[in-house]
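In what follows, chains are A, B, ... by sequence order, proteins preceding strands, each numbered from 1.
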Amino acid sequence: MDLKLVGSGEEEVSNVVVNEVDFNPEFISRMIPKVGRSEGLPAEVIPDYENDEEFLKKVHHVLLEVQVEEGSLVCPETGRKFPIKNGIPNMLLNEDEV
Amino acid sequence: MRLKELEGYLQQVDGFENPKVDLEQYPTTPHIAAHMLYTMDTSFGDIEGKLVGDLGCGCGVLSIGSCILGSAMTIGFDIDSDALEIASRNCVEFESDNFELVQCDVQHILPCHKWKKKFDTIVMNPPFGTKNNKGIDLEFLQLAIAMANTSVYSLHKTATREHIKKKAIEWGVKLDVLAELRFDLAASYKFHKRKTVDIAVDFIRIDCSATSSAHGPSNSH
């Protein structure tokens with residue numbers, strides 16, 4: 001189940017930092033089959049993506065450069081929110097959820 | 001990068017301020033961390049350009065070191081907010097933009113299948129299971145194998161070597177003891193009566209490439 005990213009309040013995610021990270025097309029190509037779909041990315045993986053630098057750079061940006069400082073990850077199935085504080089998502093479960 | 005140079009950098013990584021006994025927050029010394037990472041990178045090519053996970057990362061010395069050696073991305077997992085805060089500071093200090101942190105109970109990772117076989121390499125200095133948490137070392141190891149496509153590097157008490165070897169066979173993975181270390185645990189806690197406690201620790205490598213396509217180890221214990 002892919003968690004959905006939302007803001008800390010009702011509003012959109014506001015506190016986002018972008019850090020420049022060296023682009024490694026080989027690594028990004030390897031990661032594409034492993035990651036879920038995300039907003040900001042094309043809905044479908046395009047064929048022959050390994051050779052599409054523009055596409056790989058978009059994925060690189062979302063995967064490595066965009067850092068959400070404050071917000072939440074929400075499970076669409078249960079509505080359970082996992083808060084992100086200082087860029088660290090807190091995935092700890094309560095005792096009754098284990 | 002030379003080994004000495006790496007060790008020098010890792011000496012500047014901040015460690016635990018108030019280590020928690022129940023979480024077995026013993027630091028990985030810069031010396032041991034540097035040797036582990038250097039071996040992983042130069043002998044096996046398992047760091048540079050790889051997605052690396054660090055289970056029970058604490059203040060992140062292994063994670064930071066893997067970033068220094070050019071991992072494409074390193075994700076550190078830990079249960080403790082205080083340790084993560086220090087790890088986060090270290091991350092800023094070392095300008096490791098490819099270092100991410102996740103707060104979670106490592107023992108509850110696997111049910112969340114998101115992480116299954118997603119990493120190239122897992123490195124860790126897990127709890128040894130000596131503080132009323134017997135068996136946690138093997139739980140960490142089993143989870144690490146489930147998360148890694150290529151290899152797992154870990155530290156375990158030499159006394160448990162035969163037991164871990166048996167488990168590795170059971171899980172269908174190949175285990176190599178790369179080095180036997182002396183863990184010179186400085187008296188970090190009040191219950192350590194002697195100044196230092198020397199214990200023998202194995203630095204192991206587990207080749208999980210055989211499990212990456214077939215069924216990995218199950219989560220039963």
Side-chain angles (χ1 to χ4, degrees), chain A residues 1-5 15-38 56-57 59-78 80-98, chain B residues 23 45 47-53 55 57 60 63 67 70-92 94-121 147-150 212:
Chain A
M1 183 60 62
D2 288 328
L3 298 174
K4 193 174 170 358
L5 185 64
N15 197 348
V16 172
V17 182
V18 177
N19 294 313
E20 209 174 300
V21 177
D22 291 340
F23 177 55
N24 177 345
E26 187 270 333
F27 173 71
I28 298 298
S29 297
R30 280 202 301 122
M31 286 305 114
I32 285 173
K34 297 184 178 186
V35 294
R37 302 283 75 81
S38 163
L56 293 179
K57 277 194 168 156
V59 180
H60 164 78
H61 180 69
V62 174
L63 276 187
L64 299 181
E65 297 190 322
V66 176
Q67 170 89 20
V68 178
E69 289 292 304
E70 306 290 329
S72 289
L73 291 163
V74 179
C75 173
E77 213 165 74
T78 62
R80 170 68 151 91
K81 269 192 181 183
F82 299 94
I84 304 171
K85 284 197 181 117
N86 299 320
I88 304 176
N90 180 350
M91 311 300 285
L92 289 178
L93 299 171
N94 299 324
E95 254 173 57
D96 58 345
E97 293 174 307
V98 175
Chain B
L23 294 175
I47 300 277
E48 198 183 341
K50 304 296 182 188
L51 178 60
V52 178
L55 301 188
C57 65
S63 295
C67 291
S71 73
M73 187 181 203
T74 298
I75 306 181
F77 299 86
D78 206 282
I79 194 170
D80 182 41
S81 318
D82 295 334
L84 286 167
E85 203 188 303
I86 299 169
S88 185
R89 285 209 309 259
N90 283 327
C91 174
V92 172
F94 279 83
E95 296 173 3
S96 308
D97 287 333
N98 49 346
F99 180 24
E100 297 283 337
L101 291 161
V102 175
Q103 184 171 21
C104 69
D105 184 341
V106 168
Q107 290 167 282
H108 296 142
I109 282 185
L110 201 63
C112 172
H113 281 276
K114 292 249 79 145
W115 301 111
K116 208 168 179 181
K117 292 293 170 199
K118 289 290 196 295
F119 291 83
D120 297 305
T121 308
M147 290 165 75
N149 262 316
T150 311
S212 46

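Listed options A:Glu20, A:Glu65, A:Gln67 were ranked by heavy-atom pairs under 4.5 angstrom with chain B; first place goes to A:Gln67. Chain B forms the most heavy-atom pairs under 4.5 Å with one residue out of A:Asn19, A:Ile88, A:Leu93, and that residue is A:Ile88.
Across A:Arg30 and B:Gly49, no two heavy atoms sit closer than the pair NH2-O, 3.2 Å. Across all their heavy atoms, A:Phe27 and B:Lys50 have their closest contact at CE1-C, 4.1 Å.
Remark: B:Leu84 CG to A:Lys85 NZ distance equals 13.0 Å, nearest 0.5 Å. Here A:Asn24 contributes atom CG and B:Glu48 contributes atom CD; the two are 9.0 Å apart, rounded to the nearest 0.5 Å. One distance of note links CG of A:Leu63 with CG of B:Asn98; it measures 12.5 Å at 0.5 Å rounding. B:Ser81 OG to A:Asn86 CG: the interatomic distance, rounded to the nearest 0.5 Å, is 10.5 Å.
Atom CG of A:Asp22 is surrounded by 12 or fewer heavy atoms from other residues, nucleotides or ligands within 6.0 Å. Surrounding CD of B:Glu95 are at most 12 heavy atoms belonging to other residues, nucleotides or ligands under 6.0 Å away.
Heavy-atom distances place the side chain of B:Glu100, and not its backbone, under 4.5 Å from chain A. When heavy atoms are compared at a cutoff of 4.5 Å, A:Asn90 approaches chain B by way of both its backbone and its side chain.
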